[in-house]
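Before any comments, here is the structure.
It should be emphasised that the depicted structure is a prediction, and the values quoted were computed from it without experimental measurement. In the text below, chain A, chain B and the rest are named by the order of the sequence lines, each starting its count at 1.
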Amino acid sequence: MNVDLYEKIWMRGVAALLVVFFAVTAYEAYSGSVQPPSHVETIDPTKAMGDARFQPLGVSVDASGHVHARLVGITFAWLPPAITVPAETPVTFHLTSTDVTHGFEIVRTNGQSMVVPGYISQFTTQFAAGEYLIACNEFCGIGHHTMAGKLTVVPASQWKAPGAAPTASADDGSRSSGNTMAMTSGAGDQP
Amino acid sequence: MSAASRAITPDPRSTPLPEAARSTSTNRLILAHIWVAVLAFGVAASMALMQALSRANLTLPGRTARMYYMSVTAHGILMAIVFTTFFIMALGYAVVQRENGTIRWPRLAWLWFGLALLGTVLAIGTVFAFKSTVLYTFYPPLQAHPLFYIGLTLLVVGSWGWTADTIASWRAARRAAGNKPVSLALHATTANAMLWALATIGVASEMLFLLIPWSLGLVPKVDPILARTLFWYFGHPLVYFWLLPAYTVWYALLPREAGGKLFSEPLGRMVFALFLILSTPVGFHHQFQDPGIPAGWKLFHTFNTMAISFPSLVTAFTICASLEVAGRLRGGQGLFGWIRALPWHDPFVTSALCAMMLFMAGGFGGSINGAYALNGVVHNTAWIFAHFHLTVGSAVALTFMGTAYWLVPRVSGRELELKLLAQVQPWLWFAGMILFAVVTHVTGLMGLPRRVFDTTYNGAPQAQSWQLLTDVSAFGGLILFVSAMFFVLVMLGTLLAGKRKPQPAIEWTESLGEPAGGYTSGLWDRLGLWFVVAVVLVLIAYAIPLIQHLQMTTYGSPGFKPF
């Protein structure tokens, strides 16, 4: 194939750029610095509210001092509707739905995940102090635009851990593939 | 540019087609498809006007959440599925007729048309009856009326008839051409038909095995992640099914109409083969934020997604170079003088050029959507619909509108009516999209979720920051509506009242630097081979995660109708 010199240069430049994109993305992914929420764990959506993995709902601190936030999406609310977490502190969110698919979005942060009935979504992120709207960003029905919650982020020094530490939750165990680079989906949920 | 220094002679304009040759059965078939596309477009644009006014938070009679979400569903189905598919089939039939004189199975084609139209009427009927407010992505567990799923399936089955006809016609043309390649236009149309055959396996499986039995009550539950995976197996190649016909027009028609030649035709053949190979194993980049899909597979699909930007970037060079050839042949001088020398008075050329300018912005945005690490900032925000209004809504739709100005006279034997409206229309679309789509990218970055009836969130401070920009985008929507109506008026005027007059024949762009004896058929012309490669890549990208998924304990969901 006879290709014009300028076009050859362009094609090589484009190919080189894509190789750089590949390399940067692979580095980010394998170093674990940036990953989309890709937790693989299932749950019976009809029993999600009573499931041990969603007790207690809201914010809690585990035995190692790590902050967790457990929320359930229902049409048309996040339960609990308001949570408070410490600033500049990693918070692990655990999310599921009892009915349709919702989208958990903490506005103007990278804290977001689809919330799909039958599955547990999980991601860890941290926030600057302030008040944030938690919107639903997946159409879930006639009241989709009313489905909102509130995240309050206070300086860590002013934050008080609510209640007692929960018992070791099931999702800390071996069934959770977390956001590792696994290409297998594990055994799913075996309560 | 070296192209400018080459000796080029302007090719003579095409000779008029004799009157008798125009009233073929295939031309009537093409016009029938265009009628459906234009009517669907008009209704969908009216739905969009309602949404724009609603976005501006105006107190209007009949403005309810129920109405809004129904109209979003109708707009998405009619624009993204009906308008595109019918127009693509019309253009495809025109390409085949130009190559072979006739399509392969002219009578059967009317059956496929009837099936697709019946399916469209059934599906959209249930939407207008407020029975299927599930948006055009129809994710379960939201459940629509069974006829919604059955109707869309019939539309796909009808399009399979077109697919089979195109591939059979391509094989006949290959045999007739011996060691010469078929025209680039037919090569591209066939690559798209093959891509469509591979892609629709996903949505057909979702419909037949999951959604139709579930909506009829034959099975109680479906697994939402399995359904989403099958949908996006189809959903991304769907994007290329829209885009490739626009590229076909840019390669095979536009340079000629602009007065030039195609800069590097052999690379064009490579480009369409690469799209066939790479367009399907990329669907997980729509599911970055989904649970239940391991990160490793999302990364694999990310790499394929990046690779598919290669043929698009090659296209950007080839088409710009071809347009430069055209501009210089028309006497354009200097670094940018050739741009002014292009025939901006021609509504087809102007539409395609405006479409390309908007696509540059859309393409950059798309590489952010498809980026593994950046998607989380924009996923399901207003950024997303802003993005696809620049891509399918501009690069594709505006090119199709321009193509209609070019094609309809040639297949109907009628002169284009209301030409002034046709000349203004692309510029209105361009301006409307700058205000609507470019501005909405910003609102998306500020967190506005997509698909919301009301953006006020009870006065939440973050929500208040969106209002000014949503007002601007609503104004853009108004301009787009005027542009859409101009297009519909031009089409109706031409189809119903255009002066009957001999029209130029359909001629493809000549190739710059074609060897004396013409090209010989090469590796990139072997689309059958590339189809097999595509199937292997799809098996790697999807079979393993799907098998793993099916081995997992999943619970499934009954249907919900919260609308």
Side-chain angles (χ1 to χ4, degrees), chain A residues 1 3-7 10-11 14-15 18 21-22 25 28-29 34-40 42 44-45 75 99-101 103 105 107-108 110 112-114 116-121 131-133 135-142 144-145 148 177 179-185 187-190, chain B residues 1-2 65-66 69 135 139 141-142 223-225 264 266-267 288-299 302-303 306-307 309-310 313-314 317 321 371-373 375-377 379-381 446-447 449-454 457 460-463 548-549 552-557 560 562-563:
Chain A
M1 203 188 317
V3 180
D4 179 82
L5 175 66
Y6 288 99
E7 192 150 26
W10 169 261
M11 285 165 70
V14 164
L18 291 176
F21 285 176
F22 282 167
T25 305
E28 283 172 342
V34 186
Q35 292 215 334
S38 305
H39 185 66
V40 181
T42 59
D44 184 344
T75 48
D99 42 49
V100 300
T101 299
E105 176 192 328
V107 167
R108 297 206 82 163
N110 65 355
Q112 78 150 297
S113 175
M114 299 305 300
V116 182
Y119 294 82
I120 297 176
S121 306
E131 275 197 7
Y132 299 86
L133 172 65
C136 174
N137 69 14
E138 184 61 84
F139 175 66
C140 55
I142 190 108
H144 168 50
H145 53 283
S177 72
N179 285 344
T180 61
M181 282 311 301
M183 289 183 88
T184 57
S185 46
D189 175 42
Q190 302 157 332
Chain B
M1 177 141 319
S2 62
R66 191 165 168 266
Y69 291 123
L135 308 191
Y139 297 135
L142 289 179
D223 176 3
I225 286 290
S264 47
L267 275 183
F288 278 137
Q289 309 302 317
D290 277 16
I293 298 168
W297 286 109
K298 292 180 179 175
L299 187 64
T302 304
F303 290 156
M306 287 177 180
S309 60
F310 182 74
L313 288 163
V314 172
F317 186 99
Y372 188 79
N375 177 269
V377 182
H379 174 78
N380 266 2
T381 66
M446 291 164 68
R450 72 191 282 198
R451 300 167 157 179
V452 284
F453 165 64
D454 180 3
Y457 285 92
Q462 285 183 316
Q548 287 172 352
H549 186 90
M552 210 163 49
T553 309
T554 53
Y555 293 90
S557 291
F560 287 88
F563 43 78

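- Of the two parts of B/L142, the backbone and the side chain both hold a non-hydrogen atom closer than 4.5 Å to a non-hydrogen atom of chain A.
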Exercise for review: Check the pair A/Y6, B/F317 against side-chain contact (heavy atoms from CB on, under 4.5 Å), reporting the backbone distance first and the verdict last.
Suggested key: CA-CA 9 Å; A/Y6 288 99; B/F317 186 99; 3.8 Å; yes
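- For chain A, the nearby part of B/A460 is the side chain; its heavy atoms alone come within less than 4.5 Å.
- When A/N110, A/T75, A/D99 are compared by the number of non-hydrogen pairs under 4.5 Å with chain B, A/D99 comes out ahead.
- Proximity to chain A involves both the backbone and the side chain of B/F288, based on heavy atoms less than 4.5 angstrom apart.
- Not less than 6.0 angstrom separates the ring centroid of B/F563 from the ring centroid of B/Y69.
- Using cut-offs of 30° and 60° for the angle between ring planes, the B/H549 and A/Y119 rings count as parallel.
- Contacts between A/E7 and chain B at a heavy-atom distance below 4.5 Å involve backbone atoms as well as side-chain atoms.
- The contact between A/V100 and chain B is made by backbone and side chain atoms together, counting heavy-atom distances below 4.5 Å.
- When the candidates A/P117, A/A135, A/A148, A/A15 are compared by the number of heavy-atom contacts under 4.5 Å with chain B, A/P117 comes out ahead.
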Exercise for review: Could you walk me through whether B/K298 and B/Y372 pass side-chain contact (heavy atoms from CB on, under 4.5 Å), step by step?
Suggested key: CA-CA 8 Å; B/K298 292 180 179 175; B/Y372 188 79; 4.2 Å; yes
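- Within the 4.5 angstrom heavy-atom criterion, only side-chain atoms of A/E28, from C-beta onward, approach chain B.
- When B/I225, B/T554, B/N380 are compared by the number of non-hydrogen pairs under 4.5 Å with chain A, B/N380 comes out ahead.
- The two residues A/M11 and B/F310 come nearest to each other via the heavy atoms O-CE1, 3.6 Å.
- A/N137 and A/Q112 share a donor-acceptor pair across their side chains, judged by distance under 3.5 Å alone.
- Distance check: A/L18 CG to A/T25 OG1 gives 10.5 Å after rounding to the nearest 0.5 Å.
- Ranking A/G103, A/S121, A/G118 against chain B, the residue ahead of the rest is A/S121, based on heavy-atom pairs under 4.5 Å.
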